[in-house]
2 protein chains.
Amino acid sequence: MAMQRIPGVRLNEFNVPRLFLYHRALVEVSKAGVSVVTSESLAELCANDVTPTQIRKDLSQLGTLGRRGRGYEVAGLLEMLARLLGLDQDWRIAILGFGYLGHALATFLSYREERFRIAALFDLAPDVVGQTWNDLTVRHIDDLEATLREQGGVDIAVLAVPSRAAQEVAGRVAAAGVDAILNFAPVALRVPEQVFARNIDLAGELSILTHYLTGSE
Amino acid sequence: MAMQRIPGVRLNEFNVPRLFLYHRALVEVSKAGVSVVTSESLAELCANDVTPTQIRKDLSQLGTLGRRGRGYEVAGLLEMLARLLGLDQDWRIAILGFGYLGHALATFLSYREERFRIAALFDLAPDVVGQTWNDLTVRHIDDLEATLREQGGVDIAVLAVPSRAAQEVAGRVAAAGVDAILNFAPVALRVPEQVFARNIDLAGELSILTHYLTGSE
DNA sequence: AAATGTGAAGAGGTTCACAGCG
DNA sequence: CGCTGTGAACCTCTTCACATTT
């Protein structure tokens with residue numbers, strides 16, 4: 001599954017998260033009125049999770065964005081990164097499972113500056129279905145296909161359902177034409193070829209920490 | 001920051017998540033009564049996110065765990081991985097920020113089979129502080145240090161606070177002796193040398209998806 | 001002088017191919 | 001014969017060093 005946008009430029013799974021890091025840092029300093037950054041100052045802004053060299057390598061890959069002896073123009077770089085990451089456009093998101101997690105995600109996303117739009121909410125608990133949230137009514141997950149059709153579809157499905165339901169729901173959203181899934185359920189999802197799925201695995205992340213804590217005794 | 005346990009074995013950030021994947025798959029088949037797996041069947045169980053060769057490489061690194069011509073004993077492998085990942089012991093967890101997200105995390109962890117124990121909850125909203133959840137009282141975040149001291153400390157701090165508060169809270173839990181942090185706030189945390197911090201970045205994950213969706217137009 | 005851009009070197013994870021055992 | 005275990009080849013990302021440009 002290719003991940004690229006600018007002809008001839010190939011971005012990968014290492015690259016994109018870093019570019020997002022740069023974007024976030026630039027948004028920050030941009031607000032503070034900074035108009036130029038160097039690879040060194042940008043690295044500093046990223047809490048040194050990355051080296052100046054790495055930043056220059058990442059950015060030079062995207063074209064000639066900086067000026068030697070000076071640095072990078074914040075505004076131009078921001079716009080470039082936003083376009084590359086797809087953050088310059090609206091994205092319609094469906095949240096499946098509207099328990100505490102689904103609720104947290106909906107709230108979090110609606111407050112952010114990125115153009116993530118919550119377009120549909122689904123659950124199956126009788127006391128949750130029919131609730132409204134920000135003018136949106138929570139639909140029954142049985143009506144998934146009909147609701148998506150009726151509302152013009154969504155770009156991304158966020159799975160906040162119990163593990164046992166995740167695979168089935170993933171299959172259904174994929175069949176309904178959603179090509180991107182962000183899955184919070186701790187299961188290994190099987191999705192069709194064209195679907196791009198990412199997992200956020202809380203227990204997995206914690207086990208990285210516990211491994212570390214164990215090893216450094 | 002070294003990440004190892006067995007003398008002479010060095011695990012890294014690529015390795016550990018995979019080992020956790022294997023562990024999860026093995027728990028699954030173990031329940032189904034399977035007692036032996038091959039590297040091929042295990043790869044299949046991991047939804048082919050990994051190759052048989054990769055599995056053999058990962059496991060052989062930990063010692064001679066399999067039997068040629070046969071495969072790997074599920075029980076033994078499970079025990080080995082659990083010990084290595086630190087999943088064979090209790091871990092005390094504090095959740096900071098008890099909004100929807102904090103609540104979701106607490107609930108999620110308390111239902112899991114891993115030995116993650118929610119040991120303390122903190123917030124600062126007047127209507128949240130003082131609530132009880134599973135016999136635990138939500139404490140005011142001002143009382144962080146005192147509460148942790150009084151309760152014997154925690155191993156892991158989970159940050160579910162707003163971005164603007166994250167850095168300060170991280171500094172305080174680190175100062176209180178917590179060496180592992182799982183941060184949900186979208187900021188680049190600066191933590192002391194000995195603290196191991198992982199970020200779960202929802203917006204970052206989404207932007208990987210939006211980049212993909214953008215590029216494959 | 002200052003900071004980018006980049007070919008080359010380096011490091012490290014992954015895949016291959018097959019030897020080694022049961 | 002079947003499947004693990006592994007050295008070597010491979011490949012990709014990272015780092016280095018410095019030429020290049022303003």
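Chain A is the first sequence line, chain B the second, and so forth, proteins listed ahead of strands; every chain is numbered from 1. Not measured: the values here are computed from a predicted model.
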Between [X] and [Y], is any pair of side-chain heavy atoms under 4.5 Å apart?
| X | Y | result |
| --- | --- | --- |
| Leu202(A) | Pro186(A) | no |
| Leu62(B) | Leu11(B) | yes |
| Thr214(B) | Gln89(A) | yes |
| Glu113(B) | Val27(B) | yes |
| Leu105(A) | Tyr100(B) | no |
| His211(B) | Leu19(A) | no |
| Trp133(B) | Ser110(B) | yes |

Got a list of side-chain donor-acceptor pairs under 3.5 Å for residues 40-50 of chain A, not counting sequence neighbours?
from     : atom 1 : to        : atom 2 : distance (Å)
Ser41(A) : OG     : Thr38(A)  : N      : 3.0
Ser41(A) : OG     : Thr38(A)  : O      : 3.1
Ser41(A) : OG     : Thr38(A)  : OG1    : 3.4
Glu44(A) : OE2    : Arg190(B) : NH1    : 3.3

Expressed in angstrom and rounded to an integer, what is the separation of Leu59(B) atom CG from dT6(D) atom C1'?
14 Å
So where does chain B start and stop touching DNA chain C, 5' to 3', when the test is distance under 4.0 Å to a non-hydrogen atom?
dG13(C) to dG22(C)
Ionic contact status for Asp90(B) with Arg115(B), cut-off 4.0 Å
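So Arg115(B) pairs with Asp90(B) through a salt bridge.
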His103(B) vs Phe98(B) aromatic rings, parallel, tilted or perpendicular, using cut-offs 30° and 60°?
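Because their plane-to-plane angle is under 30°, the rings of His103(B) and Phe98(B) count as parallel.
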Could you tabulate the donor-acceptor pairs under 3.5 Å formed by side-chain atoms of residues 63-82 of chain A, not counting sequence neighbours?
none

Say you draw a straight line from CG of Leu213(A) to CG of Leu206(A); how long is it, rounded to the nearest 0.5 Å?
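One finds 10.0 Å between CG of Leu213(A) and CG of Leu206(A).
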Sub-3.5 Å pairs of nitrogen or oxygen atoms, protein against nucleotides 18-20 of chain D:
from    : atom 1 : to       : atom 2 : distance (Å)
dT20(D) : O2     : Arg68(A) : NH1    : 2.6

Would you jot down, in residue-number order, the residues of residues 21-34 of chain B having a non-hydrogen atom under 4.0 Å from DNA chain D?
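The stretch gives none, as no residue of it lies under 4.0 Å from the strand.
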Where along nucleotides 10-15 of chain D does protein come under 4.0 Å, by heavy atom, of base (B) or sugar-phosphate alone (S), with - for untouched nucleotides?
---SSB
